[in-house]
Asker: 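Handing you a structure now.
Counting convention: from 1, in listed order, for ligands and their atoms alike.
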Amino acid sequence: MDSRQAITPELREWLIAQVAAGHRAERVLASMQASGWDTGVALEAIREIMPDAADELALAAPAMPDLVDDAAHRLLAHDRQVDVVVSIRHPRIVVFRDLLSDAECDALIELARPRLSRSETVVNRTGESEVNAARTSQGMFFSRGEGELVSAIEARIAALLQWPLERGEGLQVLRYGVGAEYRPHFDYFDPAQPGSQAILKRGGQRVGTVLMYLNTPESGGATTFPDAGIEVQALRGSAVFFAYGQPSPLTRTLHGGAPVQAGEKWVATKWLRAGRFD
Ligand code: PD2
Ligand code: ZN
C-alpha cells in the first residue's frame with residue numbers, strides 16, 4: 001500500500017461509524033494500519049473525520065508539563081536569556097533563539113569533530129544500532145555532564161524546560177555534508193517493536209527533543225515537520241524543541257533534516273526521557 005491511497009466514501013463511512021461508537025483515535029489508527037492502510041493516509045482521514053478525537057488523544061496526559069508560557073518572549077535559562085520566537089500548540093513545538101552563544105557553538109563543534117563517525121540508528125526490532133541510508137550524517141555522543149561546556153548547556157536546557165537534568169540522554173552532535181539528510185522519523189521508540197523493551201528499561205520513553213543548531217548552513221538543512229507543514233531553518237545558536245506526550249504519530253511530531261544543499265550543517269540533540277536516564 002502506498003500514499004496514493006485515497007480517502008474513499010467507504011472509509012469515510014466506516015470512520016464516521018467509529019466516531020459514533022465512541023472509539024478512540026489510537027484504536028482506529030491501529031485497525032487501519034492492521035488492514036494495510038498507509039499511516040499517512042490513515043492520519044489524514046482520522047484528522048479530517050474525527051478531528052476532536054485525534055487532538056484529544058495527542059494532547060491528553062502529556063508526559064511533559066506545559067513548560068513554556070506562550071506569552072513569554074524571553075526566558076532566563078540558568079545563566080542565559082533565551083528568546084522564544086515561535087510557540088505552537090499542536091504539535092507542541094517551540095523555537096528558541098540564542099540558546100547558545102556563537103563561541104559555545106564553535107567550541108562544541110571542535111570538541112565533537114575528532115570523535116565523529118557515521119551515524120547509526122536504533123533498529124526497533126532488535127534494540128541495536130546500525131548504519132542506515134535514511135541518515136547520512138556523522139555523529140558522536142557526549143556523556144551527560146562531560147566537561148564544563150556540555151554541563152552548562154545541560155543545565156540551561158533543564159532550567160528552560162523545567163525538566164530534571166537526570167531525565168536527559170547525553171548530548172549528541174551531528175555533522176551533515178552536502179547532500180546529507182535525516183529522513184522523516186519519530187524520535188520516540190515504537191513500543192510495538194520488540195527491541196524497544198530493552199531500550200525503555202533505561203530511562204523510559206523519550207518525551208521531547210531539543211535540537212540545537214551549531215552553525216548556519218549556506219543552503220538547505222532545515223528541520224521539517226511534514227505532518228504539520230512546518231519548517232524550522234537552521235540558524236546558529238537557535239534551537240527547536242518538540243514534545244510528544246505519547247509514542248504516537250497523532251502527536252504530529254514526524255520530523256526530518258532536509259538535505260544540505262551547500263556548506264555543512266552541525267546540530268546538537270538532547271533527548272528528554274520520562275524517567276531517570278542513568
Ligand atoms: O538535524 C536535524 O535537523 C535532525 C532532524 C531530525 C535531527 C534529528 N531528527 C535528530 O537528531 O533526531
Ligand atoms: Zn529526530
Asker: Could you tell me the residue and atom name of the protein heavy atom closest to atom 3 (O) of ligand 1, and the distance to it rounded to 0.1 Å?
Answerer: Lys265 NZ, 2.7 Å

Asker: Would Leu235 end up clustered with Tyr182 when hydrophobic side chains under 4.5 Å apart are linked, directly or stepwise?
Answerer: no

Asker: Give the residue and atom name of whichever protein heavy atom lies nearest to atom 6 (C) of ligand 1, and the separation in Å to one decimal.
Answerer: His255 CD2, 3.0 Å

Asker: Could you identify the single nearest non-hydrogen protein atom to atom 1 (O) of ligand 1 and state the distance to 0.1 Å?
Answerer: Tyr176 OH, 2.6 Å

Asker: Name the closest protein heavy atom to atom 10 (C) of ligand 1, giving the residue it belongs to and the distance to 0.1 Å.
Answerer: Tyr182 CE1, 3.6 Å

Asker: Restricting to N, O or S atoms of Asp187, which is nearest to the Zn ion (ligand 2)?
Answerer: OD1

Asker: Can you list the ligand 1 atoms lying under 4.0 Å from a non-hydrogen atom of Gly256?
Answerer: 5 (C), 6 (C)

Asker: Which of the numbered atoms in ligand 1 are under 4.0 angstrom from any heavy atom belonging to Thr269?
Answerer: 11 (O)

Asker: Could you tell me whether ligand 1 has any atom less than 4.0 Å away from a heavy atom of Thr209?
Answerer: no

Asker: Can you give me the closest heavy-atom contact between Ser119 and Gly139, atom names plus distance?
Answerer: OG-N, 3.4 Å

Asker: Going hydrophobic residue to hydrophobic residue with side-chain gaps under 4.5 angstrom, can you get from Phe186 over to Val240?
Answerer: yes

Asker: Quick one: which ligand 1 atoms are inside 4.0 Å of a heavy atom on Val267?
Answerer: 1 (O)

Asker: Looking at Thr136 and Glu181, would you say the former's side chain and the latter's main chain have a donor-acceptor pair under 3.5 Å?
Answerer: yes

Asker: Would you say His185 has any N or O atom under 3.5 Å from an N or O of ligand 1, going by distance alone?
Answerer: yes

Asker: Do NZ/NE/NH1/NH2 and the carboxylate oxygens of Glu154 and Arg144 come within less than 4.0 Å?
Answerer: no

Asker: Which residue holds the protein heavy atom closest to atom 12 (O) of ligand 1, what is that atom called, and what is the gap in Å?
Answerer: Asp187 OD1, 3.2 Å

Asker: Quick test of your reading of the model: are Arg236 and Asp106 salt-bridged, counting only N-O distances below 4.0 Å?
Answerer: yes

Asker: Give a yes or no on this: more than 12 heavy atoms of other residues, nucleotides or ligands lie within 6.0 Å of atom CZ of Arg115.
Answerer: yes

Asker: If Ile, Leu, Val, Met, Phe, Trp and Tyr residues are connected whenever their side-chain heavy atoms lie under 4.5 Å apart, and connections chain through other members, are Leu100 and Phe142 in the same group?
Answerer: yes

Asker: Write the atom name of the N, O or S atom in His185 that is nearest the Zn ion (ligand 2).
Answerer: NE2

Asker: Which of the numbered atoms in ligand 1 are under 4.0 angstrom from any heavy atom belonging to Leu211?
Answerer: 2 (C), 3 (O), 4 (C), 7 (C)

Asker: Does a donor on one side chain and an acceptor on the other come within less than 3.5 Å for Arg92 and Ser87?
Answerer: yes

Asker: Please work out whether any backbone atom (N, CA, C, O) or any side-chain heavy atom from C-beta onward of Trp266 is under 4.0 Å from ligand 1, and answer side chain, backbone, both or neither.
Answerer: neither

